[in-house]
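Throughout, a chain's letter reflects where its sequence line sits, starting with A, and its residues are numbered from 1.
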Amino acid sequence: MQMKQQLQDIQDAVAEVLALAKAKGATEAEASMSKVQGIAVSARMQEVETVEFTNDGGLGISLYVGNKKGSASTADLSHAALELTVSKAIEIAKYTEEDPCNGIADKALLATDIPDCDLYHPEELDTQAGLALALAAEKYALDADTRVTNSDGASYNANIGCRVYGNSHGFLAGYPSSRYSLSCVVIGQDGDDMQRDYAYTVDRKANRLLSAESIGKEAAAQAVARLGAEKVNTGKYPVIFDKQIASSIFGHLVSAISGGSLYRKSSFLLNSIDTQILPHWLTIQEQPHLPQALASTPFDHEGVATIDRTIVEQGILGLYLMTTYSGRKMGLPSTGHAGGVHNWQVSTTHTDQAALLKEMGTGVLVTELMGQGVNGVTGDYSRGAAGYWVENGVIQYPISEFTIASNLKDMFMNIVGISADIETRGSVFTGSLLISEMQIAGE
Amino acid sequence: MTDSVQTNLLDASDISIQQINNTLGVLTQHDIDFADLYFQSSQHEAWVLEDGIIKNGSYNIERGVGVRAISGEKTGFAYSDDINATALLDAAKAARSIADHTDVTTPIVKPFKTVQNDMKYMANNPLLAMAEAEKIAILKATDSYIRGQAPNASQVSVSLTGVYEEIMVIGTDGTWATDIRPLIRLNCSVLLEEGERRERGGAGAGGRYAYSFFQSDVNGIPFYQSLADEALHMARVNMEAVAAPAGNMPVVLGAGWPGVLLHEAVGHGLEGDFNRKGASTFSGRIGEQVAAKGVTVVDDGTMADRRGSLTIDDEGTPSQYNVLIEDGILKGYMQDKHNAALMGVAPTGNGRRESYSHLPMPRMTNTYMLNGEHSQEEMFASIKQGVYAPNFGGGQVDITSGKFVFSTSEAYLIEDGKVTTPIKGATLIGNGPEVMGKISMIGNDLALDRGVGVCGKDGQSLPVGVGQPSLKVDEITVGGTA
């Protein structure tokens, strides 16, 4: 069918680029190319707002002349542009310097058979059907509560495409994928108080998206729930990170144990392999080939095979995440993490968020984080937040305009529970997460 | 304006004026109010030094055309990464599908009129204006300067990036405009190590000029050295930093980059799209007091050579000096053509887009506050317990609730009227209009940032500038741990 042909065309183009690199003097080369077609439609206040036809593609090449590296990329995939891109990369490698760690991945680590992660579920890119979903989601939101007076719109996106990677060891493989999403953002109003919130659903399969009704109602409920927010007194409290933002905590862990941060000594988790960095009950497994998952991938951005791994076992850090380059800098093999992590499964302790709230008793439930106040070198953490005040395990009222602060090393060790109602829309699958104490600054 | 842009974008792609007219004709066969074509070609390069060697260089080319059709509040949009007559026509047919076919034969396309404006920056290509060996020499000199100053530096990285971009906008309203936009940047980062403690400092600068700017003299030393000194200073200060306090307190913000306060606290909230939709905390408040008396905030795309400056915006509207808040009173919003038309006002030169494959929106250019009359010393002297923050990282705002944050990267305690101990990075949080009302002293030391601002909105990133004189805010929440 059509995609098969497109995949073949792109593989041919990547092979051609690699051959061109060799002909121009590269001793090693790697290239990746993607092409994604899609629609992005939105509606606002029950009128069509935008209809966008997207068509994105690009080629990136890194090549090596001896141990000298040059990189170039282009969004223009014409033959002339591809040729110019290769020439530019060669030109650049004349000016970069010898680095013995440079080069493509070790041949032995490359994926040999390409597992089918079942990521491709094409649908016709139908703007009318997408608009109907967006309009419906927004209507459910506007009708859900009289205090939902305004909307920032609802949108539907559909993308179908493929990615191909090849290198001069002879590796050349690609796979198609699809991705659909529906989201809705509405504004609740009560007097002068205005609060916005959103809900979304995303999946590889269009027919597995949550319904327009559930997205609309969730967006409305969340926006209205934030109305009448109070301030919270400055002090030390236990904090629950709602499952929608809890993955950000593990995102900081990903940065801290990534080779790029480690060889630059820019991590607060240097020399931490085989040490306790999380509570003893907490284990993190990685499953890169989970069928239809959003972060699944048969091989990483360097063609290295991705495999099931245990990252943390009973709180003990078992693996640093390496790319080919960072691995060579540290004397370790690549772990297949060029391009990020793939479906981390974090262990859980409590059945759901309600059980976690009970466990906490009195404290703060954070549902939104703002800003970037995280220092990856020291682990110091200070971010803006909004959420709810909780007493005796029961949500009392919304709170906003406060900060939460601590150090990530302490935050990791102070995780006392994770709920089993897990969030699966990112690369880390985790439930809500309870930290025994953080500094809150408010009133 | 130069015709070379038209030659490179249209003629080189075999696109004739006749084909442009055909495309606009195809668009206006549907019931649309306005349509435009945006042609773009850009080159981007980056050179990276790490571990004392030139580790990598990269080069990126992008070229394409975006076609937009507007009907009432509706927008249809399509684009192609290949500029040719067929792709242009296909994109036009896709974009016009936002509106129904119309039998009205009166052409709405106005005769083309070339947009004229004084150029706010040079038209040269910075990538070509300096030899590669000389670019590399800037990186090497910065690295060896830092290592000479700080033998305890365990990591030094320096990067040099440059963009050369040509754009052309043609609209059914008769717009015919071209622009050439250079943009360069130098960044350095240093990691110091003392015993178990490691701290990073970083600094960056740039603008719409040639790389030779980084070699130029600033108070007797090359510019790159002053940048390296700034990075070293930040790392050294943070090496001594103690835990920041937690709670509400007076804060003195330094001049320049701390203007990120204005960008978050008021800037985004004054963008026309949010206000047309009634989604901003500033919606419907023109003429009202939204900041303390004495506070005047402008968005100024006309400044020479600045990172956020534009000769014309991405809709072909000449950039302007727009007063947003004057003496505390809200004066106006920033507009693109679409929102301006729907709100019945004139566009303000703030219609910007990341590239041909993105839709334009009202965006900031260089946003800053005008001078007051106070000195920093007066501000410090008036505070018993507080925080002085001369440098920040990024920020974020929720324009609906008005809540915003920004995080310090260099800060100190103020005790009994004096600046004392350095404190660790902390996030500051407040409500835009409330914090603007708590500005009690405005400094006489207005400065713009050094040219590093990146603003994100709806997934689109753009270069911007910020600035302000030193400010005293009577009360804001400081998110430390002590």
Side-chain angles (χ1 to χ4, degrees), chain A residues 44 47-57 69-78 81 84-85 88-89 92 95-99 127 150 152 187 194-196 226 234 264-266 370-373 375 377-378 380 382-384 386 400-407 439-443, chain B residues 53-64 73-82 94 97-98 132-133 136 154-155 157 191 193 198-200 244 246-248 277-279 281 357 359 393-396 398 400-401 403-407 424-427 429-431 477-481:
Chain A
R44 182 181 166 269
E47 300 281 347
V48 173
E49 190 171 43
T50 57
V51 173
E52 292 186 44
F53 298 88
T54 63
N55 189 358
D56 297 303
K69 181 178 185 182
S71 305
S73 61
T74 175
D76 177 351
L77 300 180
S78 66
L84 175 66
T85 304
K88 279 288 178 182
I92 285 165
Y95 297 96
T96 54
E97 294 174 74
E98 298 275 346
D99 183 342
T127 56
N150 199 350
D152 211 27
I187 295 172
M194 278 203 297
Q195 296 288 341
R196 77 162 61 202
R226 297 173 69 140
T234 299
R264 294 184 178 95
K265 294 191 175 179
S266 299
M370 289 181 83
Q372 303 90 34
N375 183 331
V377 177
T378 60
D380 289 329
S382 166
R383 298 189 74 184
S400 70
E401 207 178 317
F402 62 94
T403 58
I404 56 175
S406 182
N407 183 281
Q439 175 71 49
I440 308 288
E443 208 159 39
Chain B
I53 62 169
I54 303 297
K55 213 167 238 192
N56 196 10
S58 62
Y59 181 84
N60 175 264
I61 47 178
E62 209 172 335
R63 189 177 165 86
E73 296 195 24
K74 296 184 290 188
T75 303
F77 182 55
Y79 55 87
S80 165
D81 60 17
D82 186 13
S97 68
I98 194 71
E132 315 299 4
I136 283 160
S154 54
Q155 273 288 321
S157 66
L191 189 78
E193 220 167 348
R198 280 167 293 114
E199 290 286 349
R200 200 195 74 92
N248 287 333
K277 297 170 184 175
T281 185
S357 63
L359 276 170
Q396 191 185 336
D398 174 336
T400 302
S401 68
K403 303 288 186 275
F404 73 96
V405 294
F406 57 142
S407 305
K424 288 179 173 224
T427 289
I429 188 164
N431 176 291
T477 304
V478 177
T481 54

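Remark: A/E49 engages B/K277 in a salt bridge, criterion side-chain N to carboxylate O under 4.0 Å. We find that B/E193 and A/K265 are joined by a salt bridge, their nearest charged nitrogen and carboxylate oxygen being less than 4.0 Å apart.
The backbone N or O of A/S382 sits less than 3.5 Å from a side-chain atom of B/T427, completing a donor-acceptor pair. Side-chain atoms of B/D81 never come within 3.5 Å of backbone atoms of A/L77 as a donor-acceptor pair (strictly under, hydrogens ignored).
With a 4.5 Å cut-off on non-hydrogen atoms, A/T54 touches chain B through its backbone and its side chain both. Contacts of B/T75 with chain A are made by both backbone and side-chain atoms, with heavy-atom separations under 4.5 Å. Proximity to chain A is limited to the side chain of B/Q155, based on heavy atoms less than 4.5 angstrom apart. The contact between A/L84 and chain B is made entirely by side chain atoms (from C-beta outward), counting heavy-atom distances below 4.5 Å. Proximity to chain B (any heavy atom under 4.5 Å) is shown, for A/A81, by both the backbone and the side chain. Residue A/E47 does not touch chain B at all, counting heavy-atom pairs closer than 4.5 Å. Of the two parts of B/K55, the backbone and the side chain both hold a non-hydrogen atom closer than 4.5 Å to a non-hydrogen atom of chain A. For chain A, the nearby part of B/I136 is the side chain; its heavy atoms alone come within less than 4.5 Å. Using a 4.5 Å cut-off between heavy atoms, B/S157 does not touch chain A at all. Within the 4.5 angstrom heavy-atom criterion, only side-chain atoms of B/I98, from C-beta onward, approach chain A. For B/F406, no part lies near chain A; criterion is any non-hydrogen pair under 4.5 Å.
Considering only heavy-atom pairs separated by less than 4.5 Å from chain B, the leading option among A/I404, A/D152, A/I187 is A/I187. Ranked by heavy-atom pairs under 4.5 Å with chain A, the first of B/N60, B/N431, B/T400 is B/T400. Per-residue heavy-atom pair counts under 4.5 Å with chain A were compared for B/S357, B/G64, B/G430, and the maximum is reached by B/G430. For the options A/N407, A/N55, A/T234, heavy-atom pairs under 4.5 Å to chain B are most numerous at A/N55. Each of B/D82, B/V478, B/D398 has some count of heavy-atom pairs under 4.5 Å with chain A, and the biggest count is that of B/D398. Of the listed residues (A/Q195, A/Q439, A/R264), the greatest number of heavy-atom pairs within a distance under 4.5 Å of chain B belongs to A/R264. Between chain B and the residues A/E401, A/E443, A/M194, the most heavy-atom pairs under 4.5 angstrom are made by A/E401. In terms of heavy-atom pairs under 4.5 Å with chain A, the best-connected choice from B/E199, B/R200, B/K424, B/R198 is B/R198. Chosen from B/N248, B/T281, B/L191, B/N56, the residue pairing most often with chain A at heavy-atom distances under 4.5 Å is B/N56. Ranked by non-hydrogen atom pairs under 4.5 Å with chain B, the options A/S73, A/A72, A/A75, A/G384 are led by A/S73. Per-residue heavy-atom pair counts under 4.5 Å with chain A were compared for B/A78, B/A94, B/S407, and the maximum is reached by B/A94.
Atoms CD1 and CZ, from B/I429 and B/F404 in turn, are 8.5 Å apart once rounded to the nearest 0.5 Å. The distance from the CD1 atom of B/I53 to the CD atom of A/E98 is 8.5 Å, given to the nearest 0.5 Å.
Counted by atom type alone, A/D380 and A/T378 present one or more donor-acceptor pairs between their side chains at under 3.5 Å. Under the 3.5 Å distance criterion, with hydrogens and angles disregarded, no donor-acceptor pair is assigned to the side chains of A/D76 and A/T74.
Between B/K403 and A/S400 the shortest heavy-atom distance is CE-OG, 3.2 Å.
In this structure, the side chains of B/I54 and B/E132 stay at 4.5 Å or more apart for every pair of heavy atoms.
In this structure, A/K69 has no salt bridge (Lys or Arg N to Asp or Glu O under 4.0 Å) partners at least two apart in sequence or on a different chain. Looking at residues two or more places apart in sequence or on another chain, you find a ring pair (Phe, Tyr, Trp, His ring centres under 6.0 Å) between B/F77 and B/Y79.
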